[in-house]
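We use all heavy atoms of the structure for the numbers below, so side chains are in, but hydrogens, waters and symmetry mates are not. All chains are named by letter (A, B, ...) in the order of the sequence lines, taking the proteins before the strands, and each is independently numbered beginning at 1.
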Amino acid sequence: MKMPCARLIPVCLLLALPGAALSAEISVDATSIVSFEQRAYTGAPKKDIVPATQFLGLDAAKLADGNLSLHVYGWGRGDILDKSYNNDQFAGSLTYGYLQYRFKAANADVRAGRFFVHEGIVNEQIDGASFRTDLPLGFGLSAFGGANVHTKKLYNENSDGKGSGNFGGRLNYRYKGVLELGASGQYETNAPALVNYPTVNHRLAGGDVWFSPHKSVELMGHTSYNTVTKGVAEHSYLMNVKPLQHLVLTGEYNDHRERNYFYSWASFSGAALSPAEKSHSLGGRASYGVSKAVEIAADYKHYTREIGNADRYGADIKLSFLNNSVRSGLGYHYLRAGKEFAIGGTPSASYHEMRGYIMHDSRIYFVAVDAIGYLFKEKVNSEKAAWEAMASLGYHITPDLALSGDFSYGRNPQFTEEVKGLARLTYNMTFDSKGGKK
Amino acid sequence: MKFFQQIFPALALAGLIMILAACAQMKTIPGLPASHPETLAAGQQVSCTECHEDNQKGTLKAYNAFNHSPAFVKNHRFYASSDERLCSTCHKSSFCNDCHTNQVEMKPSIKYGNRPDRDMPHRGNFMTMHKIEGKLDPASCYRCHGRANNERCITCHR
């Protein structure tokens with residue numbers, strides 16, 4: 001092909017775009033929330049804050065040859081009365097904005113723009129490009145590269161602590177529905193020089209496994225290794241056993257080496273994070289769907305840290321009636337934890353947690369009542385409990401458009417008294433009536 | 001320039017893959033549909049096996065592994081890290097980013113105050129409770145805060 005011809009290709013593509021856009025399936029999700037919050041701090045005047053927040057998402061599928069799609073989501077907020085956060089009257093963020101091209105075969109796709117990456121041990125958000133594909137013989141490959149997406153600057157620093165570039169990927173192998181092995185890694189570059197913390201790059205390598213010798217047994221997990229500190233950062237493993245169709249028994253084990261896992265966690269190098277520490281947790285959960293209407297679950301977890309250990313156990317029940325249009329749940333948990341974990345000056349960190357809710361969702365309206373209470377074993381700031389009760393009422397103006405309002409009241413050691421209310425307008429349009437309630 | 005140096009390896013690999021994708025063998029590897037063909041209602045513990053028989057094909061994992069039992073919802077991270085493309089046949093990225101994202105101000109339990117049945121983190125007054133939970137299991141917080149979503153924290157954590 002001669003050069004001028006090649007140059008014409010993008011021009012032709014551009015000319016084709018409006019036509020393609022017409023045939024595209026476009027969907028918009030918008031949530032507007034105006035909230036009101038009155039907080040009473042002990043010994044300080046009450047503060048009224050009224051932030052108005054707009055969340056907006058746009059998805060355009062079937063662009064160009066039908067395999068290209070565009071996905072954008074973000075939010076913006078303005079304060080009507082007192083400033084609500086960090087002294088900014090206005091704030092906003094582009095959560096993601098990317099073009100995706102999906103190939104028909106092999107689950108192959110290319111993404112370009114701002115998006116999230118979840119590949120094995122890697123969990124990042126970047127401005128850049130990525131691609132993924134399955135390969136013959138059960139192999140698969142993915143790679144991403146680009147610039148880190150920055151967030152709020154750390155206190156007294158000129159950056160958020162993240163480096164400028166970030167790339168990595170994952171190679172995996174799958175054998176039928178029995179085994180998957182993955183190797184993944186990420187490499188951050190140009191970590192900023194911070195005033196109060198060392199300059200550290202976030203670089204990890206690791207492996208993950210999923211093994212299911214029988215469909216009623218699954219073993220999965222991952223281990224990550226920090227290539228800068230040269231040590232294991234995390235082991236995290238889970239086993240599921242499903243002896244009956246609706247019974248799931250799980251056991252999990254997590255192990256963290258603080259220095260390696262939290263190396264680039266600049267903002268919380270607080271007392272509880274000793275770099276020499278290893279911490280682990282061991283837990284189990286059983287959930288059983290007694291019938292379509294009743295689901296029960298019980299869980300237990302033991303936490304071990306250098307400063308002490310703790311146990312948490314409890315149970316939840318979920319009920320559903322009238323063809324799932326009425327849903328309700330009750331839960332109780334107890335945390336047994338010593339003084340080491342307690343809030344400054346309290347002799348114990350133990351508390352009871354209780355929660356109950358009920359909601360009804362019909363074609364015309366929806367209503368919900370929710371209450372949660374934490375009952376401390378020892379008073380915190382001379383308060384015995386932290387609790388909150390919430391009621392929500394909404395009306396479907398059209399199937400896609402709904403208006404709702406929430407009101408909540410609570411008391412707790414932090415604010416003594418907290419009154420919150422909000423009005424919410426949601427617009428959800430799902431294209432082609434397919435793809436689930438995305 | 002630096003930026004291009006950084007994305008270059010990915011672009012080069014992407015190019016390589018496109019060439020690979022063109023070859024006939026790749027075309028025979030089955031792919032997932034762009035979106036799940038059946039609309040599922042919100043507010044249920046989706047049970048894949050209610051509609052899908054477990055005749056596992058290709059390298060797809062057994063459907064019952066993805067049944068949204070309370071255990072699956074609590075441990076979804078293990079599935080998301082290797083099957084994100086399956087998740088995205090039903091979930092838009094924003095569904096996930098309601099709970100974990102780079103920068104947001106509103107707790108998900110407030111954004112969805114009308115959905116107490118959802119498994120949102122930090123219900124009630126978490127400002128108080130986090131002082132206990134953060135010491136108990138800081139690693140669990142790092143999955144969402146620390147390198148991201150610190151807007152709120154930096155007013156006190158300095």
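Counting heavy-atom pairs under 4.5 Å between each of A:Arg170, A:His71, A:His150, A:Glu119 and chain B puts A:Arg170 at the top. Highest contact tally toward chain B, considering only A:Arg327, A:His256, A:Gln125, is held by A:Arg327 [criterion: heavy-atom pairs under 4.5 Å]. Among A:Thr250, A:Leu393, A:Asn324, A:Leu249, the residue with the largest count of heavy-atom pairs under 4.5 Å with chain B is A:Asn324. For chain B, the option among A:Gly120, A:Ser35, A:Ala386, A:Gly344 with the highest count of heavy-atom pairs below 4.5 Å is A:Gly120. Interface check for chain A: of the options B:His100, B:Arg115, B:Arg123, B:Met127, the most heavy-atom pairs under 4.5 Å are formed by B:Arg123. Put simply, of A:Ala105, A:Ser404, A:Ala143, A:Ala106, the one with the most heavy-atom pairs under 4.5 Å next to chain B is A:Ala106. The candidate from B:Ser81, B:Ala148, B:Ser140 with the greatest count of non-hydrogen atom pairs under 4.5 Å with chain A is B:Ser81. Ranked by heavy-atom pairs under 4.5 Å with chain B, the list A:Glu353, A:Lys420, A:Arg312, A:Glu383 is led by A:Arg312. With chain A as partner, the option from B:Cys96, B:Gly124, B:Ala80, B:Cys141 having the largest number of non-hydrogen pairs under 4.5 angstrom is B:Gly124. With chain A as partner, the option from B:Ala71, B:Pro30, B:Gly43 having the largest number of non-hydrogen pairs under 4.5 angstrom is B:Gly43.
When only modelled atom types and interatomic distance are considered, A:Lys162 and B:Asn102 share a side-chain donor-acceptor pair under 3.5 Å. Judged purely by distance below 3.5 Å, without hydrogens or angles, the side chains of A:Ser236 and B:Arg77 pair a donor atom with an acceptor atom. At a cut-off of 3.5 Å, with distance as the only test, no side-chain donor of A:Glu234 or B:Tyr142 sits close to an acceptor on the other residue.
Only the backbone of A:Lys104 comes within contact range of chain B, with heavy atoms under 4.5 Å apart. For a residue to count as touching a neighbouring chain, one of its non-hydrogen atoms must lie under 4.5 Å from one of that chain's; by this rule A:Trp210 touches chain B with the side chain only. Both the backbone and the side chain of B:Ala139 come within less than 4.5 Å of a heavy atom in chain A. Heavy-atom distances place the side chain of A:Ser392, and not its backbone, under 4.5 Å from chain B. Both the backbone and the side chain of A:Tyr261 come within contact range of chain B, with heavy atoms under 4.5 Å apart. For A:Tyr303, the part lying near chain B is the side chain, with the backbone staying farther off; criterion is any non-hydrogen pair under 4.5 Å. Neither the backbone nor the side chain of B:Phe126 comes within contact range of chain A, judged by heavy atoms closer than 4.5 Å. Only the side chain of A:Val248 comes within contact range of chain B, with at least one heavy atom under 4.5 Å from a heavy atom of that chain. No part of A:Asn172 comes within reach of chain B, as not one of its non-hydrogen atoms sits under 4.5 angstrom from that chain. With a 4.5 Å cut-off on non-hydrogen atoms, A:Lys153 touches chain B through its backbone but not through its side chain. If you measure heavy-atom distances from B:Phe72 to chain A, you find no contacts under 4.5 Å at all. Of the two parts of A:Leu335, only the side chain, counted from C-beta on, holds a non-hydrogen atom closer than 4.5 Å to a non-hydrogen atom of chain B. At a 4.5 Å heavy-atom cutoff, A:Asn67 makes no contact with chain B through either its backbone or its side chain. For a residue to count as touching a neighbouring chain, one of its non-hydrogen atoms must lie under 4.5 Å from one of that chain's; by this rule B:Val104 touches chain A with backbone and side chain alike.
B:Asn150 has its side chain out of reach of A:Asp160: every pair of non-hydrogen atoms, C-beta onward, lies at least 4.5 Å apart. The closest side-chain heavy-atom distance from A:Tyr351 to B:Met129 is below 4.5 Å. Counting heavy atoms from C-beta outward, A:Arg355 and B:Pro116 have side chains that approach closer than 4.5 Å. Side chains of B:Asp117 and A:Met359 form a contact here, defined as non-hydrogen atoms less than 4.5 Å apart. Looking at A:Pro136 and B:Ile29, their side chains come closer than 4.5 Å, going by heavy atoms from C-beta outward. Here the side chains of B:Leu86 and A:Asn107 are not in contact, with every heavy-atom distance at 4.5 Å or above. B:Lys61 is not listed as a side-chain neighbour of A:Glu218, based on a closest heavy-atom distance of 4.5 Å or more. A:Phe55 is not listed as a side-chain neighbour of B:Ser94, based on a closest heavy-atom distance of 4.5 Å or more.
What you find for B:Ile132 and A:Ala349 is that their closest heavy atoms are CD1-O, 3.8 Å. The shortest non-hydrogen separation linking B:Ser82 to A:Arg174 is O-NH2, 3.3 Å. Minimum heavy-atom separation, A:Met390 to B:Gly113: CE-O, 3.0 Å. Scanning all heavy atoms of the two residues, the minimum distance from A:Asp406 to B:Ile110 falls at OD2-O, 4.1 Å. In terms of heavy-atom proximity, B:Pro70 sits nearest to A:Ser287 at CD-OG, 3.7 Å. Closest heavy-atom contact between A:Arg305 and B:Leu136: CD-O, 3.3 Å.
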#### Entry: salt bridge (Lys or Arg N to Asp or Glu O under 4.0 Å) between A:Asp299 and B:Lys74, intermediate numbers included
CA-CA 11 Å; A:Asp299 59 272; B:Lys74 284 273 183 279; over 6 Å; no

### Message
Apply side chain to side chain contact (heavy atoms under 4.5 Å, CB included) to residues A:Thr151 and B:Glu151 and explain how you reach the verdict.
### Response
CA-CA 8 Å; A:Thr151 172; B:Glu151 178 135 11; 5.6 Å; no

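A salt bridge is absent between B:Glu105 and A:Lys152: the closest approach of a Lys/Arg side-chain nitrogen to an acidic carboxylate oxygen does not fall below 4.0 angstrom.
With sequence neighbours left out, the side chain to side chain contact (heavy atoms under 4.5 Å, CB included) criterion links A:Arg102 to A:Gln100, A:Asp109, B:Ala34. Every residue two or more places apart in sequence or in another chain that forms a side chain to side chain contact (heavy atoms under 4.5 Å, CB included) with B:Asn67 is listed here: B:Ser47, B:Cys48, B:Thr49, B:Asn64.
Not a single donor-acceptor pair under 3.5 Å links the side chain of B:Asn125 to the backbone N or O of A:Asn412. With B:Lys135 contributing its side chain and A:Ala342 its backbone, the two residues share a donor-acceptor pair below 3.5 Å. In this structure a side-chain-to-backbone donor-acceptor pair under 3.5 Å is present from A:Arg424 to B:Lys111. A donor-acceptor contact shorter than 3.5 Å links the side chain of A:Trp75 to the backbone of B:Gln103.
The one candidate from A:Phe116, A:Tyr73, A:Phe115 that meets the side chain to side chain contact (heavy atoms under 4.5 Å, CB included) condition with B:Ser93 is A:Phe116.
Note that the CG atom of A:Asp134 and the CZ atom of B:Arg85 stand 5.0 Å from one another [nearest 0.5 Å]. Within the model, atoms OG of B:Ser88 and NE2 of A:His118 stand 10.5 Å from one another, a figure rounded to the nearest 0.5 Å. Distance check: B:Arg143 CZ to A:Asn123 CG gives 8.5 Å after rounding to the nearest 0.5 Å. Interatomic distance, B:Phe78 CZ to A:Asn240 CG, rounded to the nearest 0.5 Å: 9.5 Å.
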